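Remarks on the structure that follows.
Keep in mind it's a predicted model, so treat the numbers as computed, not measured.
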Amino acid sequence: MIMPFDDINAAPTEALLQLYANGDPEASRALTRRLLPRVLSHAERLLSNRAEAEDVAQEAMLRLWKIAPDWRTGEAKVTTWLYRVTGNLCTDRLRRRRGVGLDEVPEPEDDALSPADQMQENARAEALQAALARLPERQRQAVILRHIEEVGNPEIAEIMNISVEAVESLIARGKRALTTDLAAQRDELGISE
């Protein structure tokens, strides 16, 4: 078959679908590379489930292949049609999910801390805050920026208007002071290291 395009990947989607309908396997590959990632991403966002999204994307592409010989160029964009089919397939799956009986739904896992663990976490946070408050101001600022706010050392240096080496020194001294300050409370706070 003579290719009407120098590069099939540059062909419009509708033209690729027509080429596929006429038996061009390269058009099928080009359409799949172009459309499948979009369809899969759309389905995954709608379903919040990768495995189901893969099933939906596969079904949507199969429907596109089936309709290709009957496609009427100019009536709708291929991508619009494909997004609509994908959305409908996702809606059907979501409706089926809602129809699941209460006994069939697994118990949700409780990721919350137990009351005892929550009390210990609160005690640790309070002890850390108190120890931070006892640090010299610049050490406290450097440690908080680095280890609580997770800011990089070069940015901390800009914020504090000092060198990166000075930031590293402040953080090191601050961490040593915190370790010393909290050492007496290790057992009480349940700190193993």
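In terms of heavy-atom proximity, Val143 sits nearest to Gly174 at CG2-CA, 3.9 Å. Scanning all heavy atoms of the two residues, the minimum distance from Ala60 to Leu82 falls at O-CD1, 3.6 Å. Closest non-hydrogen pair, Ala127 versus Leu182, comes out as O-CD2, 3.7 Å. Closest approach of Ala68 to Ala21, counting heavy atoms only: O-CB, 3.6 Å. In this structure, Glu168 and Asn153 approach most closely via the heavy-atom pair CG-ND2, 3.5 Å. Residue Ala43 comes nearest to Thr86 through the heavy atom pair CB-CG2, 3.9 Å, listed as atom of the first residue, atom of the second, then distance.
By the criterion of side-chain heavy atoms lying less than 4.5 angstrom apart, applied directly or through intervening Ile, Leu, Val, Met, Phe, Trp or Tyr residues, Tyr20 is grouped together with Leu62 in one hydrophobic cluster. Hydrophobic clustering, with ILVMFWY side chains joined whenever heavy atoms are under 4.5 angstrom apart, groups Leu35 together with Trp71. Val78 is connected to Val85 through a chain of hydrophobic side-chain contacts under 4.5 Å among Ile, Leu, Val, Met, Phe, Trp and Tyr, so both are in one cluster. One hydrophobic cluster, built from ILVMFWY side chains closer than 4.5 Å, holds both Val39 and Leu94. Tracing side-chain contacts under 4.5 Å through hydrophobic residues (I, L, V, M, F, W, Y), one reaches Met61 starting from Leu47; they form part of the same cluster.
Distance OH/Tyr83 to NZ/Lys77: 9.5 Å, rounded to 0.5 Å. Between the CD atom of Gln139 and the CZ atom of Arg176 there is a distance of 8.5 Å, given to the nearest 0.5 Å. Residue Leu19 holds its CG atom at 10.5 Å from CD of Glu26, rounded to the nearest 0.5 Å. Between the CG atom of Leu170 and the CZ atom of Arg146 there is a distance of 13.5 Å, given to the nearest 0.5 Å. How far CD1 of Ile171 is from CD of Gln141: 10.5 Å, rounded to the nearest 0.5 Å. Within the model, atoms CH2 of Trp81 and CG of Leu64 stand 5.5 Å from one another, a figure rounded to the nearest 0.5 Å.
Side-chain contact check for Arg45 and Ser41: at least one donor-acceptor pair (N or O, by modelled atom type) lies under 3.5 Å. Residues Gln118 and Asn122 have side chains that bring a donor and an acceptor to within less than 3.5 angstrom of each other.
Between Arg38 and Glu44, no side-chain nitrogen of the basic residue sits less than 4.0 Å from a carboxylate oxygen of the acidic one, so the salt-bridge criterion is not met. Ion pairing between a basic and an acidic side chain is recognised when a charged N comes within 4.0 Å of a carboxylate O; Glu137 and Arg140 show no such pairing.
With Asp181 contributing its side chain and Ala177 its backbone, the two residues share no donor-acceptor pair below 3.5 Å.
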Exercise. Test side chain to side chain contact (heavy atoms under 4.5 Å, CB included) on Leu36 and Gln58 and set out the steps.
Key: CA-CA 8 Å; Leu36 185 60; Gln58 183 177 23; over 6 Å; no
Self-check item: Worked verdict on Arg173 versus Leu135 for side chain to side chain contact (heavy atoms under 4.5 Å, CB included)
Solution: CA-CA 10 Å; Arg173 287 183 303 184; Leu135 286 178; over 6 Å; no
Practice problem: Report the C-alpha distance between Val56 and His42 in whole Å, list the side-chain angles of each, state the deciding distance to 0.1 Å, and finish with yes or no for side chain to side chain contact (heavy atoms under 4.5 Å, CB included). | Solution: CA-CA 10 Å; Val56 164; His42 184 59; over 6 Å; no
Quiz prompt | side chain to side chain contact (heavy atoms under 4.5 Å, CB included) between Thr32 and Trp65, intermediate numbers included | solution = CA-CA 10 Å; Thr32 301; Trp65 302 142; 3.3 Å; yes
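Side chains of Leu89 and Arg63 form a contact here, defined as non-hydrogen atoms less than 4.5 Å apart. In this structure, the side chains of Leu17 and Thr13 stay at 4.5 Å or more apart for every pair of heavy atoms. Counting heavy atoms from C-beta outward, Arg93 and Asp55 have side chains that approach closer than 4.5 Å.
Within a 6.0 Å radius of CZ in Arg33, more than 12 heavy atoms belonging to other residues, nucleotides or ligands are found.
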